[in-house]
**Student:** 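First, the structure itself, so that you have it in front of you.
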Amino acid sequence: MIRLLHSSAGLCLFGLLFFGCQEKKPTEAPAGTELQPAVATLAKTGCQPGDSLTIQLGQPLAQLAVFWDGAIVLTKPVAQDSLRVMAAGKKVGRHQLIVQGVLVNKERSCDTLSVELWSDVKPPQLTYAVRQTYPHQTSSFTQGLEFDQGTLYEGTGLNGQSKLMKVDLRTGTIQQAVSLPEQYFGEGITVVGKYVYQLTWTSGQCFRYTKELVQEQTFTYHTQGWGLTHRDTTLIMSDGSNRLTFYTPTLQRTGELAVYDDKGPVVNLNELEYINGYVLANVWQTNRIVQIDLATGKVVGELQMDAMLPAGINTKENVLNGIAYRPEEGALYVTGKNWPSLFKLQVSGLQKGRKGGTIQ
């Protein structure tokens with residue numbers, strides 16, 4: 001959002017009816033037409049809440065109106081060379097800024113600008129202690145990890161090696177497993193109610209199993225599948241970008257959330273775990289786990305896992321990629337691809353005790 005300087009229902013109606021603004025698209029101009037430069041431009045397109053945004057005007061505008069995501073935030077009878085608005089939104093990501101008015105020659109002008117809102121939170125470094133170390137199968141190319149009623153489920157990847165498994169925590173022994181067909185590269189998993197979901201990397205297929213690991217349905221999605229978790233009955237998926245996408249239990253897309261820290265978009269979000277209104281995500285090819293506020297998309301904490309990496313493992317190739325939470329213990333369990341160990345951690349500083357924001 002932007003701090004509201006002047007507004008009224010009448011002005012909103014005026015803006016919508018009088019200007020009928022549409023984004024200028026050069027590709028729509030007739031062949032041979034000389035394209036006119038934008039009247040309104042931004043001095044910078046990335047900012048944090050509270051920053052002042054300068055809109056530069058190539059020509060004076062009369063009857064000026066400025067809209068942020070469709071809501072009117074500024075009106076002026078005349079604006080000459082520039083004007084300023086303040087960014088004060090809670091949700092990070094891209095926002096639409098529309099500047100419209102009347103030129104000196106009485107023609108209408110309407111420019112659509114894009115503003116990228118970064119987080120204003122510097123993520124604190126969370127601390128942890130390793131409470132116990134358990135054996136883990138080095139043949140498991142871990143892609144997903146989750147506890148459900150005391151049972152540890154693990155999903156693995158690679159074509160021809162992908163599995164969904166039940167694993168004995170104490171011994172690392174595989175108690176039960178089902179293999180994916182060779183053409184599928186298994187990815188993130190989560191348990192929702194009486195079903196287990198498993199993504200595939202580039203095939204756009206999500207397999208749903210009973211808790212006895214009997215595949216009972218397949219769903220299609222139209223992005224890469226990386227990490228998977230859930231809040232209540234809402235599935236939360238990562239695709240390697242800086243977005244979390246939300247789905248119904250039948251894989252109907254319901255919305256998405258961009259993720260930023262104070263330095264910009266946090267890309268390569270991978271394995272996910274939902275905890276008390278927040279999502280933990282490991283950042284692929286790093287030893288970093290970030291805590292994401294579902295209400296805003298801001299990273300509000302981070303774990304640097306270098307101190308607990310297993311010796312003798314090339315963690316650039318066999319990366320950290322398994323996060324599971326046991327609420328009855330308040331403990332986090334982490335492992336990686338082909339790691340020999342699974343670690344039980346006690347983490348200090350995790351934000352908790354809220355339901356989080358509305359998923360859109």
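Residue indices begin at 1 and follow the sequence shown.
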**Student:** Find the distance between CG (L244) and CG (N242) and round it off to the nearest 0.5 Å.
**Tutor:** 9.0 Å
**Student:** For T229 and Y274, indicate whether the former's side chain and the latter's backbone hold a donor-acceptor pair under 3.5 Å.
**Tutor:** yes
**Student:** Can you name the side chain to side chain contact (heavy atoms under 4.5 Å, CB included) partners of R243, sequence neighbours left out?
**Tutor:** D239, S241, E256
**Student:** Report yes or no: does E146 contribute a side-chain atom to a donor-acceptor pair with the main-chain N or O of V191 at less than 3.5 Å?
**Tutor:** yes
**Student:** Can you check whether T138's main-chain N or O pairs, donor with acceptor, with N338's side chain at less than 3.5 Å?
**Tutor:** yes
**Student:** Just jot down the side chain to side chain contact (heavy atoms under 4.5 Å, CB included) partners of Q304, sequence neighbours excluded, or say none.
**Tutor:** Q125, R288, E302, D306
**Student:** Not counting sequence neighbours, which residues clear ring pair (Phe, Tyr, Trp, His ring centres under 6.0 Å) with Y333? List them please.
**Tutor:** F147
**Student:** Is there any salt bridge (Lys or Arg N to Asp or Glu O under 4.0 Å) pair reaching into residues 331-340, and which pairs are they, with sequence neighbours excluded?
**Tutor:** none
**Student:** Listed by chain and number, what are the ring pair (Phe, Tyr, Trp, His ring centres under 6.0 Å) partners of F185, not counting sequence neighbours?
**Tutor:** W201
**Student:** So, for A281 and I292, which heavy atoms are closest and what is the spacing to 0.1 Å?
**Tutor:** CB-CD1, 4.0 Å
**Student:** What distance do F343 atom CZ and Y128 atom OH have between them, rounded to the nearest 0.5 Å?
**Tutor:** 9.5 Å
**Student:** Any non-hydrogen side-chain atom of Q161 less than 4.5 Å from a side-chain atom of F141?
**Tutor:** no
**Student:** So how far is it from S162 OG to Q143 CD, rounded to the nearest 0.5 Å?
**Tutor:** 7.5 Å
**Student:** Determine yes or no for a side-chain-to-main-chain donor-acceptor pair under 3.5 angstrom, with D168 supplying the side chain and R170 the backbone.
**Tutor:** yes
**Student:** In terms of side-chain geometry, is the basic nitrogen of K344 or E329 positioned less than 4.0 Å from the acidic oxygen of its partner?
**Tutor:** yes
**Student:** Kindly give the heavy-atom pair with the smallest separation between G336 and H136, and that separation in Å.
**Tutor:** O-CE1, 3.7 Å
**Student:** Has the side chain of Q137 got a donor or acceptor atom that lies under 3.5 Å from a matching backbone atom of G172?
**Tutor:** yes
**Student:** Could you pull out the closest heavy-atom pair between L145 and I189, with the gap in Å?
**Tutor:** N-CG1, 4.0 Å
**Student:** Do the side chains of L345 and M305 get nearer than 4.5 Å, heavy atoms only?
**Tutor:** yes
**Student:** The criterion is side-chain hydrogen bond (donor to acceptor under 3.5 Å, both in side chains); which residues satisfy it with E216, sequence neighbours excluded?
**Tutor:** R208
**Student:** Sorted by first residue and then second, give each ring-ring contact (aromatic ring centres under 6.0 Å, His included) pair with at least one member in residues 281-309; sequence neighbours left out.
**Tutor:** W226-W284
**Student:** Side chains of Q217 and Y195, heavy atoms from C-beta outward: is any pair under 4.5 Å?
**Tutor:** no
**Student:** Does any non-hydrogen side-chain atom of I289 lie less than 4.5 Å from one of L126?
**Tutor:** no
**Student:** Just to verify, what does F207 make a ring pair (Phe, Tyr, Trp, His ring centres under 6.0 Å) with, not counting sequence neighbours?
**Tutor:** Y184
**Student:** Would you say the side-chain atoms of Q100 pair up with the backbone N or O of Q63, donor to acceptor, closer than 3.5 Å?
**Tutor:** no
**Student:** Should the heavy atoms of other residues, nucleotides or ligands under 6.0 Å from CD of E182 be counted, would the total exceed 12?
**Tutor:** no
**Student:** Pair T250, T248 - check side-chain hydrogen bond (donor to acceptor under 3.5 Å, both in side chains), show working.
**Tutor:** CA-CA 5 Å; T250 56; T248 68; 3.2 Å; yes
**Student:** Per the ring-ring contact (aromatic ring centres under 6.0 Å, His included) rule, what does the pair list look like for residues 285-321, sequence neighbours excluded?
**Tutor:** none
**Student:** Is a side-chain N or O of T200 found less than 3.5 angstrom from the main chain of G225, in a donor-acceptor match?
**Tutor:** no
**Student:** Quick one: does K163's side chain get under 4.5 Å of I174's, heavy atoms only?
**Tutor:** no
**Student:** Quick one: list whatever passes side chain to side chain contact (heavy atoms under 4.5 Å, CB included) with V115, sequence neighbours left out.
**Tutor:** L42, C47, L53, W68, L97
**Student:** For the pair S203 (side chain) and Q205 (backbone), establish whether a donor and an acceptor sit closer than 3.5 Å, ignoring hydrogens and angles.
**Tutor:** no
**Student:** Just by distance, with hydrogens left out, do T142 and E154 show a side-chain donor and acceptor under 3.5 Å apart?
**Tutor:** yes
**Student:** For N282 and I323, work out which heavy atoms get closest and say how close.
**Tutor:** N-CD1, 3.8 Å
**Student:** Main chain of Y260, side chain of W118: is a donor-acceptor contact present, judged purely on distance under 3.5 Å?
**Tutor:** no
**Student:** Using 0.5 Å steps for rounding, measure from the CG atom of L294 to the CZ atom of F246.
**Tutor:** 5.5 Å
**Student:** Could you pull out all residues at least two apart from S348 that satisfy side chain to side chain contact (heavy atoms under 4.5 Å, CB included)?
**Tutor:** T127
**Student:** Side chains of L83 and V66, heavy atoms from C-beta outward: is any pair under 4.5 Å?
**Tutor:** yes
**Student:** Is there a side-chain contact between L169 and L342 in this structure, where contact means two heavy atoms from C-beta onward sitting under 4.5 Å apart?
**Tutor:** yes
**Student:** So do V121 and D293 actually touch side chain to side chain, heavy atoms under 4.5 Å?
**Tutor:** no
**Student:** Quick one: hydrophobic cluster around V78, which other residues, with the 4.5 Å side-chain cut-off, linked directly or via members?
**Tutor:** none
**Student:** Can any side-chain N or O of S119 pair as donor or acceptor with the backbone N or O of V299 at less than 3.5 Å?
**Tutor:** no
**Student:** Do you know which two heavy atoms are closest between L61 and L64, and how far apart they sit?
**Tutor:** CD1-CD1, 3.7 Å
**Student:** Report the distance from atom CG of D51 to atom CG of L117, rounding to the nearest 0.5 Å.
**Tutor:** 8.5 Å
**Student:** Output the distance between atom CG (L158) and atom OG (S139), rounded to the nearest 0.5 Å.
**Tutor:** 11.0 Å
**Student:** Go through it in stages, so that I can follow the logic: the residues are T45 and E116, the test is side-chain hydrogen bond (donor to acceptor under 3.5 Å, both in side chains), and I'd like the CA-CA distance, side-chain angles, deciding distance and then a yes or no.
**Tutor:** CA-CA 6 Å; T45 58; E116 189 175 29; 5.6 Å; no
